[in-house]
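Each remark here refers to the structure printed beneath this line.
Because the structure is a prediction, the values reported are computed rather than measured. By convention in this document, chain letters (A, B, ...) are assigned in the order of the sequence lines, proteins followed by strands, and residues within each chain are numbered from 1. Note: hydrogens, waters and symmetry copies are ignored here, and every other heavy atom, side chains too, is used.
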Amino acid sequence: MRVRFAPSPTGPLHIGGARSALFNYLLVRKHQGKFILRIEDTDQERSSRESEIDIMDSLRWLGLDWDEGPDVGGPHGPYRQTERLDIYRKYTEMLMDKKMAYLCYCTEEELEEQRQELKARGQMPRYMGKCYGLSEDERKKLEDEGRKPVIRFRVPENELIKINDLVRGEVNFESSGIGDFVIVKSDGIPTYNFAVVVDDHEMNISHVIRAEEHLSNTPRQVLIFDALGLKKPEFAHISLILGKDRSKMSKRHGATSLNQYKEEGYLPEALVNFLALLGWSPEGEEEVFTLEDLTSLFDLERVAKSPAVFDLEKLRWLNGVYIRKSPIDRIAGLALPYLTQAGYVGEDGANLEYIEKIVDAVRDYLGSVSEIKEHVGIFFDKELTFESEKAVDVLRGEQVPGVLDLLTKKVQNEGELTPDNTKKMIKSICKELDLGGRKVFMPVRVALTGKMHGPEMHDVIPILGGGEILRRINISLEKAGHTLDG
RNA sequence: GGCCCGUUAGUCAAGCGGUUAAGACACCGGCCUUUCACGCCGGUAACAGGGGUUCAAAUCCCCUACGGGUCACCA
């Protein structure tokens, strides 16, 4: 088995492209075949090397490695279409010789005119083969005018084109619905529909797995395969990813490129897991899978035909699952840039051990790592702010000065604060003052963080440390109007 | 508009002639936690509509509706 992912490098890797790549990868790794990365850069206007690099980075980030490609080479190279022009020429000549392709000199205006005419007559706009019968003289004349020809494929009439799609079953097209289409542009570069056929054949691709938007291109490609007498690969067209309004995922639905998710703090394994479940489902009820799991489970037969709406909430949940189960140093490392950006951590001196404790204290709250900035203010903010009047009311309880006073003493007497001894410390405050937990925990929380909710106090207290705790207690006592004695 | 694909809860999605129509996210409730979150337990909620075929249809066929894709010298 040989499969390929063939992006055109006209921008960053799209979420849909990532899924196509993933499905290809899963299938071929399951069957111990080869995964080929081919760059379809025949649109020279829009293609860029930056995009190419970006796409490769994104694929690698996801963990999708390839066996043959522009960077690693391989026996069927080169793997960039603009470097394969000689190869296409060979096939173009074959088609020309067989009169299955011809030169066309029509201008954009002429084509447009024809389109309008057909439309006006209620027919489908398509190229009608006007230049097909051009004589040598007529051609000369047009050349002399300075016209640069394109090469068109001669589409046979009334031919039924059968495609046996691995996910959709048999799909039929009528050749009469297809006009003679361009296979080589006037600059000599082949179009997608032509290059893809030549390359899939030359590279010995056995399975073409791609997005559904290519389904209606497939009959054109089949026509070329047949005209050239080449063996066709198997086709599998996977459904599109839709935005919340059920139209094709685009910018206005939010982030569409993989980069954006990476930047927002989504983990690659979460994206992989999520994307795999979009249009495919395993047997059984489990939903959390590693790339390795997926590789052994994946199966084209369980790929859904219907398009799927991208559900960010589910991605966030899945990402949270991975955030919670990753080693803390990894999550802390990922969190660091966001903390720096928020001004919580200096560019230079980050105390990793300290950061890890904080990240560990708040990771349960995260759907993406970037959200961390919303939860760590209690540790970093210089100023203690109270979230509401209700919070301040908690501090006004008559037992509060006693509680905080005792806490102060205990903190001062304790050597190093740990979650363990902090837990005991609070317990003993309850006992010594003969108070219910509620009268102790909540005031301590508000006094130290200004908030009604947050991480466990026994995690927060050791992180803050003695000096900061005393400082905040004083601020809180004052805020609540308690007199400071001693 | 022509051609093509699709349609099970708000979303993902199982189901491939006979099921109390799974499961997950979200939502709601409970438990745990002297907070919230996490975790655990439970709940609400779906076969687009209409015709057939069949003893029996979410499953097969047809029509309608809706959604999507595609009709480039873009891929």
Side-chain angles (χ1 to χ4, degrees), chain A residues 6-10 40-43 45-47 81 104 106 108 111 115 118-119 122-127 148-152 163 165 167-169 171-174 176-179 181-193 195-196 210-220 237 239-240 242 244-248 274 277-288 301-302 304-318 320-321 324 362-366 375 394 426-427 430 435-442 445-446 449 451-457:
Chain A
S8 94
T10 54
E40 309 221 322
D41 58 349
T42 53
D43 184 345
E45 293 282 300
R46 297 194 298 154
S47 295
Q81 291 187 323
C104 167
C106 293
E108 188 53 48
L111 293 172
R115 267 194 287 266
L118 283 167
K119 244 185 185 164
Q123 289 185 28
M124 172 178 33
R126 73 204 129 100
Y127 190 76
K148 282 270 194 195
V150 299
I151 298 176
R152 283 184 189 272
I163 293 161
D165 193 280
V167 346
R168 270 149 226 288
V171 181
N172 296 307
F173 291 89
E174 183 55 55
S176 312
I178 304 170
F181 56 93
V182 174
I183 57 173
V184 180
K185 303 184 244 184
S186 54
D187 60 4
I189 296 187
T191 59
Y192 163 73
N193 278 124
V196 84
R210 74 221 319 185
E212 191 190 345
E213 53 190 325
H214 290 292
L215 184 56
S216 24
N217 277 319
T218 309
R220 292 180 178 78
H237 289 93
S239 60
L240 263 10
L242 271 29
K244 248 195 153 31
D245 63 354
R246 303 206 130 267
S247 70
K248 193 173 161 180
F274 177 70
L277 259 20
L278 222 49
W280 171 82
S281 65
E283 264 177 279
E285 298 178 356
E286 188 55 55
E287 304 244 352
V288 180
E301 280 183 24
R302 296 189 66 87
K305 300 184 198 10
S306 48
V309 172
F310 188 91
D311 182 6
L312 189 63
E313 276 308 310
K314 187 155 181 177
L315 207 210
R316 285 191 68 250
W317 166 74
L318 209 39
V321 169
R324 272 169 247 133
V362 302
R363 78 206 291 198
D364 278 359
Y365 298 95
L366 307 180
H375 301 278
V394 169
I426 300 175
K427 275 245 166 71
C430 297
L435 288 169
R438 200 165 175 83
K439 297 217 160 191
V440 174
F441 277 80
M442 213 26 110
R445 173 177 299 286
V446 174
T449 69
K451 308 270 186 289
M452 301 280 279
H453 309 294
E456 303 282 1
M457 285 322 295

Just N and O in the side chain of Lys427(A): are any of them under 4.0 Å from OP1 or OP2 of U34(B)? no
Nearest-nucleotide pick for Arg438(A), side chain only, options being C12(B), G6(B), U34(B): U34(B)
Partner of G17(B) by Watson-Crick or G-U wobble geometry, both contacts under 3.5 Å, or none? none
Which part of the nucleic acid does His375(A) contact within heavy-atom distance under 4.0 Å: base, sugar-phosphate only, or nothing? nothing
Nearest to the side chain of Arg302(A), heavy atoms from C-beta on, is which of U11(B), G69(B), G15(B)? G15(B)
Pairwise side-chain contact, Pro219(A) with Asn172(A), heavy-atom cut-off 4.5 Å (strictly under): no
If the C1' atom of G6(B) is compared with that of C12(B), how far apart are they to the nearest Å? 16 Å
Select base, sugar-phosphate, or nothing to describe what Pro219(A) touches, counting heavy atoms under 4.0 Å on all strands. nothing
Any base atoms under 4.0 Å from Thr10(A), or only sugar-phosphate, or nothing? Heavy atoms, all strands. nothing
Would one find more than 12 heavy atoms of other residues, nucleotides or ligands at under 6.0 Å from atom CZ of Arg302(A)? yes
So CE of Met452(A) and CE of Met442(A): to nearest 0.5 Å the spacing works out to 5.0 Å
If you only use heavy atoms from C-beta on, which nucleotide in G39(B), U7(B), U34(B) is closest to the side chain of Ser306(A)? U7(B)
Considering every strand and a 4.0 Å limit on heavy-atom distances, what is the contact class for Asn172(A): base, sugar-phosphate, or nothing? sugar-phosphate
Roughly how far apart, to the nearest Å, are G30(B) and G68(B) at atom C1'? 42 Å
Which is true for Arg210(A) with a 4.0 Å heavy-atom rule: it touches a base, it touches only sugar-phosphate, or it touches nothing? nothing
Quick one: on RNA chain B, does Val321(A) or Trp280(A) contact a more 5' nucleotide (nearest heavy atom)? Trp280(A)
Given that both distances must come in under 3.5 Å, which nucleotide forms a Watson-Crick or G-U wobble pair with A45(B)? none
Would you check if Val394(A) and Arg445(A) make a side-chain contact, meaning some heavy-atom pair closer than 4.5 Å? no
Reckon Phe173(A) touches a base, only the sugar-phosphate, or nothing at all at heavy-atom distances under 4.0 Å? sugar-phosphate
Classify the nucleic acid contact of Arg316(A) as base, sugar-phosphate or nothing, counting any heavy atom under 4.0 Å across all strands shown. nothing
Proximity to the side chain of Thr191(A) - top-ranked nucleotide from G23(B), A75(B), U34(B): A75(B)
Using heavy-atom distances to pick each residue's nearest nucleotide on RNA chain B, tell me which of Met457(A) and Val184(A) is more 5'. Met457(A)
How far, in whole Å, is U44(B) from C25(B) if one measures between their C1' atoms? 15 Å
Give a yes-or-no answer on whether the side chains of Thr191(A) and Asn193(A) include a donor-acceptor pair shorter than 3.5 Å. no
Measure CD/Glu212(A) against C1'/C3(B) and give the value in whole Å, please. 13 Å
Nearest-Å distance for atom pair CZ/C1', residues Phe181(A) and C74(B): 15 Å
Rounded to whole Å, please give me the gap between CD in Glu301(A) and C1' in G15(B). 15 Å
Determine the contact category for Glu287(A): base if any of its heavy atoms lies under 4.0 Å from a base atom, sugar-phosphate if only primed atoms, P, OP1 or OP2 are that close, otherwise nothing. base
Do the side chain of Ser186(A) and the base of C73(B) come within less than 3.5 angstrom through a donor-acceptor pair of N or O atoms? yes
From A13(B), U35(B), G69(B), pick the nucleotide closest to the side chain of Met442(A)? U35(B)
Which of A75(B), A13(B), A26(B) is nearest the side chain of Ser281(A)? It is A13(B)
In the strands shown, is U7(B) matched to any nucleotide by a Watson-Crick or G-U wobble pair with both distances under 3.5 Å, and which? A65(B)
Separation between the P atoms of G42(B) and A24(B), rounded to whole Å: 10 Å
With sugar-phosphate meaning primed atoms plus P, OP1 and OP2, does Val171(A) contact a base, only sugar-phosphate, or nothing at under 4.0 Å between heavy atoms? sugar-phosphate
Starting the side chain at C-beta, find the nucleotide from A24(B), A75(B), U35(B) nearest to Arg445(A). U35(B)
Is there a side-chain contact between Glu212(A) and Val167(A), using heavy atoms and a 4.5 Å cut-off? no
What nucleic acid atoms does Glu456(A) come within less than 4.0 Å of, heavy atoms only: base, sugar-phosphate, or nothing? base
His237(A) atom NE2 is separated from U70(B) atom P, nearest whole Å, by 12 Å
Across the strands shown, which category fits Lys248(A) at heavy-atom distances under 4.0 angstrom: base, sugar-phosphate, nothing? sugar-phosphate
Checking N1-N3 plus N6-O4 or O6-N4 for Watson-Crick, or N1-O2 and O6-N3 for wobble, each under 3.5 Å, the partner of G39(B) is C31(B)
Give a yes or no on whether Lys439(A) atom NZ has more than 12 heavy-atom contacts from other residues, nucleotides or ligands under 6.0 Å away. no
Aromatic plane relationship, Tyr365(A) with His375(A) - under 30° parallel, 30 to 60° tilted, over 60° perpendicular: parallel
Between A26(B) (C1') and Leu318(A) (CG): distance, integer Å: 14 Å
When the distance from CG of Leu242(A) to P of G6(B) is rounded to whole Å, what number comes out? 15 Å
May I ask you to say what Gly320(A) touches in the nucleic acid, namely base, sugar-phosphate or nothing, with a heavy-atom cut-off under 4.0 Å? nothing
Base, sugar-phosphate, or nothing for Cys104(A), non-hydrogen atoms under 4.0 angstrom? nothing
Between G23(B) atom P and Asp311(A) atom CG, what is the distance in whole Å? 19 Å
Nearest whole angstrom, please: distance from the P of A13(B) to the CD of Glu286(A). 18 Å
Testing C36(B), C38(B), C74(B) for proximity to the side chain of Asp364(A), the answer is C38(B)
